Asks: 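Quick one: the structure is below, questions incoming.
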2 protein chains.
Amino acid sequence: MSLPAVAVSQSPEAKFREYLASRPKPQRFTDQQRDMINYIFSQHDHFDAEQLIEDLKRDGLGVSRATVYRTLAKLVDAGLLRRLEFGPRMFYEHDYGYPQHEHLVCEKCEKKIEFQSAAIESVIRDVAQQHHFQASGHTFIIRGTCRECNQAKMTKRRLDLI
Amino acid sequence: MSLPAVAVSQSPEAKFREYLASRPKPQRFTDQQRDMINYIFSQHDHFDAEQLIEDLKRDGLGVSRATVYRTLAKLVDAGLLRRLEFGPRMFYEHDYGYPQHEHLVCEKCEKKIEFQSAAIESVIRDVAQQHHFQASGHTFIIRGTCRECNQAKMTKRRLDLI
DNA sequence: GGGTAATCGATAATAATTATCGATATTATA
DNA sequence: TATAATATCGATAATTATTATCGATTACCC
Ligand SMILES: [Mn+2]
Ligand SMILES: [Mn+2]
Ligand SMILES: [Zn+2]
Ligand SMILES: [Zn+2]
C-alpha cells in the first residue's frame with residue numbers, strides 16, 4: 001500500500017448496502033456481491049476483471065464473468081471503486097477509504113506507482129473555470145520505464161559492450 | 001483549429017517518406033498511404049479509424065480497414081500522428097506541426113477542447129525524477145460537461161420548473 | 001520491362017465487454 | 001415461516017475494436 005488510507009465511518013459492505021437501498025428501484029444484496037467486496041477490500045491494488053475472476057476462483061469463490069462485470073459497474077457507481085483506463089482493458093482500485101492520486105505506469109513490467117499532486121488538481125480547477133467546463137473526472141497517466149527496469153536495461157547494455 | 005500550428009520544414013508526406021527510408025528494412029510508400037496523409041493533414045481534428053474509413057470512402061478513396069489500421073500505426077511511429085486514449089477506442093490527431101496539448105472531453109456531446117499547460121509538463125518532470133522513472137509519454141484527459149451542454153441542461157431545468 | 005518482396009484487400013481470429021434468457025435466490029408480505 | 005414477486009445469477013451468444021492470415025497486387029531496384 002503506497003499511500004496512507006483515508007479514515008471512513010462505514011465498512012465497504014455497509015456503504016454498498018446504503019447505495020443499493022438509495023436507488024430509485026430497489027436493488028438486492030447477494031452472496032456474490034458480498035464475496036467480491038470482501039476479497040477486493042482485503043488488499044489495495046490495481047486489478048482487472050479477468051484477474052479478479054481468477055483470484056475468486058482460486059479462493060473457492062465462484063462468481064461468473066457476467067456477475068463480476070455487473071458488480072464492478074455497481075461498485076464504481078456506488079463510489080467504492082475507481083475505474084482506471086490503463087491501455088486496452090479497464091482496471092479498478094479502491095476509491096472509498098483511499099486518497100485521490102495519479103499513476104506512473106511502467107511499460108516493461110506493468111508496475112503502477114502512485115503519487116499525489118496538488119498542482120494537477122489546481123490545473124483542473126483553473127482550466128475548467130476558463131472554459132466554463134463542468135469537470136466530473138479525469139485521467140492522468142505517465143507512461144515510461146520504472147527504476148528497476150531502467151537499471152536492468154543499463155546493466156544489459158553494459159554487458160553487451162563487453 | 002483551436003491552437004496555433006508549429007512551423008515545420010517538411011511536408012507530412014516528405015517526413016513520412018524519410019521515416020520509411022530510415023527503417024532497418026526498406027518500407028514502401030503506397031497510393032493508399034499518400035491518400036491517407038493528404039486527407040488527414042487537410043484539417044486538424046480528432047478522429048478514429050472507423051470515421052477515417054468512412055470519410056475516405058465518401059471522397060472516393062477506398063482504403064481497406066486493415067490498411068487504415070496498419071498505416072495509422074506507421075504514422076504514429078513516424079511522429080506524424082499522436083494516439084489518444086479517449087474511452088474504448090483509439091483516437092488520432094496531428095502531432096507533426098501541432099503543439100503539445102491536453103484535452104477537456106464533453107461526455108454529453110463528445111466535443112474535445114484543447115488546452116496547453118506548462119504546469120503539467122513540470123509535474124511530469126518532477127514526479128519522474130523523484131521516482132527515477134524514465135517518462136516516455138502521458139495521457140491527461142479532463143472529463144465532464146462543456147459550456148454549451150451545461151447551458152442546455154440549465155435551460156431544461158428552468159423549463160421543467162415552469 | 002522484369003524480378004523480388006513489401007503491401008494490399010478480404011476475411012478470419014482475438015480480446016474485452018455487454019446482452020439474452022431461463023434458473024435461482026432475495027426481499028416483502030401474509 | 002411459507003409464499004409470491006422479481007432482481008440477480010450463470011451459461012452462452014452477440015458486439016465492438018483491433019490484429020492476424022494469406023493469396024493477389026504493386027512499388028522499387030536493376
Ligand atoms: Mn492507484
Ligand atoms: Mn487535440
Ligand atoms: Zn518496470
Ligand atoms: Zn458538450
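FYI, side chains are in, hydrogens and waters are out, and symmetry mates aren't considered; it's all heavy atoms of this structure. Bear in mind the structure is a predicted one, so any value in this text is a computation, not a measurement.
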Asks: Look at the side chain of A/Ala49 and decide which nucleotide, out of C/dG9, D/dC28, C/dT17, has an atom nearest to it.
Replies: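 In terms of side-chain proximity for A/Ala49, the closest of C/dG9, D/dC28, C/dT17 is C/dT17.
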Asks: Round to a whole Å and report the spacing from CG of B/Asp31 to P of D/dA24.
Replies: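 Value for this atom pair: 21 Å.
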Asks: Of all the heavy-atom pairs spanning A/Ala135 and A/Ile124, show the shortest one and how long it is.
Replies: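 Shortest heavy-atom contact: CB-CG2, 4.3 Å.
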Asks: Could you state the CD1-C1' distance from A/Ile53 to D/dA11, rounded to the nearest angstrom?
Replies: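 Going from A/Ile53 (CD1) to D/dA11 (C1'), I get 13 Å.
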Asks: Measure from CZ on B/Arg23 to P on D/dC28 and round the result to the nearest Å.
Replies: 16 Å
Asks: Without decimals, in angstroms, what is the distance between B/Arg34 CZ and D/dA27 C1'?
Replies: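 About 12 Å, once rounded to whole Å.
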Asks: Is there a donor and acceptor pair, one atom on the side chain of B/Arg28 and one on the base of C/dA5, closer than 3.5 Å?
Replies: yes
Asks: Mapping A/Lys74 and B/Phe29 onto DNA chain D by nearest heavy atom, which one lands closer to the 5' end?
Replies: A/Lys74
Asks: Can you measure A/Ile37 atom CD1 to D/dT8 atom P for me and round it to whole angstrom units?
Replies: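 So the two atoms are 13 Å apart, to the nearest Å.
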Asks: Find which nucleotide of DNA chain C each of B/Lys25 and B/Ser64 is nearest to by heavy atoms, and output the residue with the more 5' nucleotide.
Replies: B/Lys25
Asks: For A/Gln27, which contact category applies under a 4.0 Å heavy-atom criterion: base, sugar-phosphate, or nothing?
Replies: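 Contact class for A/Gln27: sugar-phosphate only.
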Asks: Please tell me which of the listed nucleotides, C/dT17, D/dG10, D/dA17, lies nearest to the side chain of A/Met90?
Replies: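 Closest nucleotide to the A/Met90 side chain: C/dT17.
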Asks: Nearest-Å distance, CG (B/Asp35) to P (D/dT26)?
Replies: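 It is 14 Å, rounded to the nearest whole Å.
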Asks: Which nucleotide wins on minimum distance to the side chain of B/Ala66, given the candidates D/dT18, D/dC9, C/dA10?
Replies: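 Nearest to the side-chain atoms of B/Ala66, counting from C-beta on, is C/dA10.
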Asks: Examine D/dC9: is either OP1 or OP2 under 4.0 Å from a nitrogen or oxygen in the side chain of A/Thr30? Give yes or no.
Replies: yes
Asks: Are A/Tyr92 and A/Phe86 connected in the hydrophobic side-chain network, where two residues link if heavy atoms are under 4.5 Å apart?
Replies: no
Asks: Enumerate, atom names and distances included, each donor-acceptor pair closer than 3.5 Å involving a side-chain atom of residues 4-12 of chain A, sequence neighbours excluded.
Replies:
residue, atom, partner, partner atom, Å
A/Gln10, NE2, A/Glu18, OE2, 3.0
A/Ser11, OG, A/Ala14, N, 3.0

Asks: Would you call B/Lys111 and B/Glu148 a salt bridge, taking side-chain N to carboxylate O under 4.0 Å as the test?
Replies: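 Salt bridge present between B/Lys111 and B/Glu148.
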Asks: B/Tyr69 OH to C/dA13 P: how many Å, rounded?
Replies: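 Atom-to-atom, B/Tyr69 to C/dA13, this comes out as 19 Å.
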Asks: Indicate yes or no: does B/Arg125 engage B/Glu121 in a salt bridge with an N to O separation below 4.0 Å.
Replies: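 Here B/Arg125 does not pair with B/Glu121 in a salt bridge, since their nearest N and O are not under 4.0 Å apart.
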Asks: Heavy-atom nearest nucleotide on DNA chain D for A/Val68 versus B/Arg70: which residue maps closer to 5'?
Replies: A/Val68
Asks: In whole angstrom, give the distance that lies between atom CZ of B/Arg17 and atom P of C/dA6.
Replies: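 To the nearest whole Å, that distance equals 18 Å.
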Asks: Give one of base, sugar-phosphate or nothing for A/Gln32, where a contact means two heavy atoms less than 4.0 Å apart.
Replies: sugar-phosphate
